[in-house]
*Asks:* 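There's a structure below that I have some questions on.
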Protein chains: 2
Amino acid sequence: MNDVIDKETTGNTEAALKLDGFLPYTLNVCSNQVSQALSRIYADRYKIGVPEWRVLVTLGEFGMMTAKAIGHHSCMHKTKVSRAVALLERRKLVARRANRADLREAFLSLTPAGRDVYDELAPMALDFAEQLLSVVDPADRAALDRALKKLIDRSSQINDDIANPRGPR
Amino acid sequence: MNDVIDKETTGNTEAALKLDGFLPYTLNVCSNQVSQALSRIYADRYKIGVPEWRVLVTLGEFGMMTAKAIGHHSCMHKTKVSRAVALLERRKLVARRANRADLREAFLSLTPAGRDVYDELAPMALDFAEQLLSVVDPADRAALDRALKKLIDRSSQINDDIANPRGPR
DNA sequence: TATTGTTATACTCTATAACTATA
DNA sequence: TATAGTTATAGAGTATAACAATA
C-alpha cells in the first residue's frame, strides 16, 4: 500500500534490521553454498566430510605433524581431529609414527595412497576456488580476503572474551 | 630443513593448495565465528537457535507472511521453518491466522510479545554488525558485500546444476 | 496431480566430560 | 599437575520421505 508508513510507531531513526544484507546471514548463506558446492569434489568420491578433508589438505601441505598441530592449523577441536584421523587411518590414507621423544603424541602423515588422493583432489579444489573467484570483480578480490581475515580476528576475539572474561591469562 | 625442495616430484607449476587462504575454508571459519559471536545476543537470552532467529527477523521486517515465504526469504527448508515456527508459537512469540482464500497455508506474524523481543534484539544485532564491520577498511566494505553476493549466486547455481542436471525446466 | 505444511524416522554431527597414557 | 589424544555419552541438528489437507 505504502512504502514508508508504520515501520515503527516509536520513531526510530536507525536502519531497520533486514536479513538480506545482514552480514552474519550473508556470510552463513555464502559459506554453506560454497561448502556444499566444494564438497561434491570430495564427498561423493571418497565419502569423507569436512574434518577429513581438512586433515588431508593440512597433511598434504605440511607433510608431517601432530594431531594438535593439525587442529590448530585447521581450526578444529582435538576430538574432531582425532575422529577424522581415525577414519583416514582406517582407509589407509594416513599413517602415524610414534614420537620417541614424547610418547603422548604421534607424527601423522599421508600414506602413498593418501598422497594420491591429495594429488587428485588438490588441483580440483584449486580449480574450483579459481572458478568461484572468477565471478568476483578482480578489484574486489583482495578486499574480500582482507575483510574476511579482519572479521575472523574480530569475531574470534569477541568469542574468546566471552569464554574467558577479564582477559585470557 | 629447506624451503623449496620436494614439494612435488611431479613437477607441478600450480600454486599449492593451502588451507589458509583457501576461500571455502576462510568463509567457513569466518561464518562460524561470526555466527557464534552473534548468537550470544539471542541464544542465551531467549533459548533460540538460528532458524528461530531468522523467522523472528523476517517477520519483524515483513510483518505477515506464509511459512513458504519465510523459507524462501531466509534460505531455509520448509521443515526447518515449520519447526522454528512451532517453537515460537509455543512461546507465544508468533501467531498464525488462517488464509480463508487458501486453507493450506496460514499467515504468520509476531505477537505483541514477539514484537517486544524483536524490538529488543534488532538494535543489538544491528549494533553488533556495525561493530564487526568497523574493523573492515571502509573502502573494502562495499567490495565485501558485492563479492559475497556474487559468490552466493555462483555457488547456488553450481549446486542447482548438480541437483538438477541438464538445467532447470 | 500439485502444493502447503507437519510429522516420523534415521542419521550425522557436535559438545562435553571422563579417561588413558605420558610428561 | 599438566598435556596429547581417545572414547563415551547424550543432545542437537539434519535430510528424507511419508503424510494430511487443500487446491
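Protein chains get the first letters and strands the later ones, always in sequence-line order, with residue 1 at the start of each.
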*Asks:* Find out whether B/Thr66 and B/Leu108 are in side-chain contact, i.e. whether some heavy atom of one side chain is under 4.5 Å from a heavy atom of the other.
*Replies:* no
*Asks:* Round to the nearest Å and state the distance from B/Asn99 atom CG to D/dA21 atom P.
*Replies:* 18 Å
*Asks:* Check salt bridge (charged side-chain N to carboxylate O under 4.0 Å, His left out) between B/Arg104 and all other residues, then give those that pass, not counting sequence neighbours.
*Replies:* B/Asp102
*Asks:* What do you reckon, is NZ of A/Lys68 surrounded by more than 12 foreign heavy atoms closer than 6.0 Å?
*Replies:* no
*Asks:* What pairs with B/Glu89 under salt bridge (charged side-chain N to carboxylate O under 4.0 Å, His left out), at least two apart in sequence or on another chain?
*Replies:* B/Arg96
*Asks:* Within the structure provided, determine whether A/Met65 and A/Leu59 are in side-chain contact (heavy-atom separation under 4.5 Å).
*Replies:* yes
*Asks:* List in numerical order all residues of residues 27-43 of chain B for which some heavy atom is under 4.0 Å away from an atom belonging to DNA chain D.
*Replies:* none
*Asks:* Within the 4.0 Å limit for protein heavy atoms, which parts of nucleotides 5-14 of chain D are touched? Write it as a string from 5' to 3', B for base, S for sugar-phosphate only, - for none.
*Replies:* BBBBB----S
*Asks:* Rounding to an integer number of Å, can you tell me how far A/Ile48 CD1 sits from C/dT12 C1'?
*Replies:* 16 Å
*Asks:* D/dA23 P sits how many Å from B/Asp102 CG, rounded?
*Replies:* 5 Å
*Asks:* Would you mind reading off the distance between A/Leu87 atom CG and C/dC13 atom C1', rounded to a whole angstrom?
*Replies:* 14 Å
*Asks:* Test side chain to side chain contact (heavy atoms under 4.5 Å, CB included) on A/Asn32 and A/Gln36 and set out the steps.
*Replies:* CA-CA 6 Å; A/Asn32 289 343; A/Gln36 203 192 319; over 6 Å; no
*Asks:* Tell me the interatomic distance from A/Met76, atom CE, to C/dT14, atom C1', rounded to whole angstroms.
*Replies:* 13 Å
*Asks:* Which residues satisfy the ring-ring contact (aromatic ring centres under 6.0 Å, His included) test with B/Phe22, sequence neighbours excluded?
*Replies:* none
*Asks:* Considering residues at least two apart in sequence or located in another chain, which fulfil the ring-ring contact (aromatic ring centres under 6.0 Å, His included) criterion with B/Tyr46?
*Replies:* none
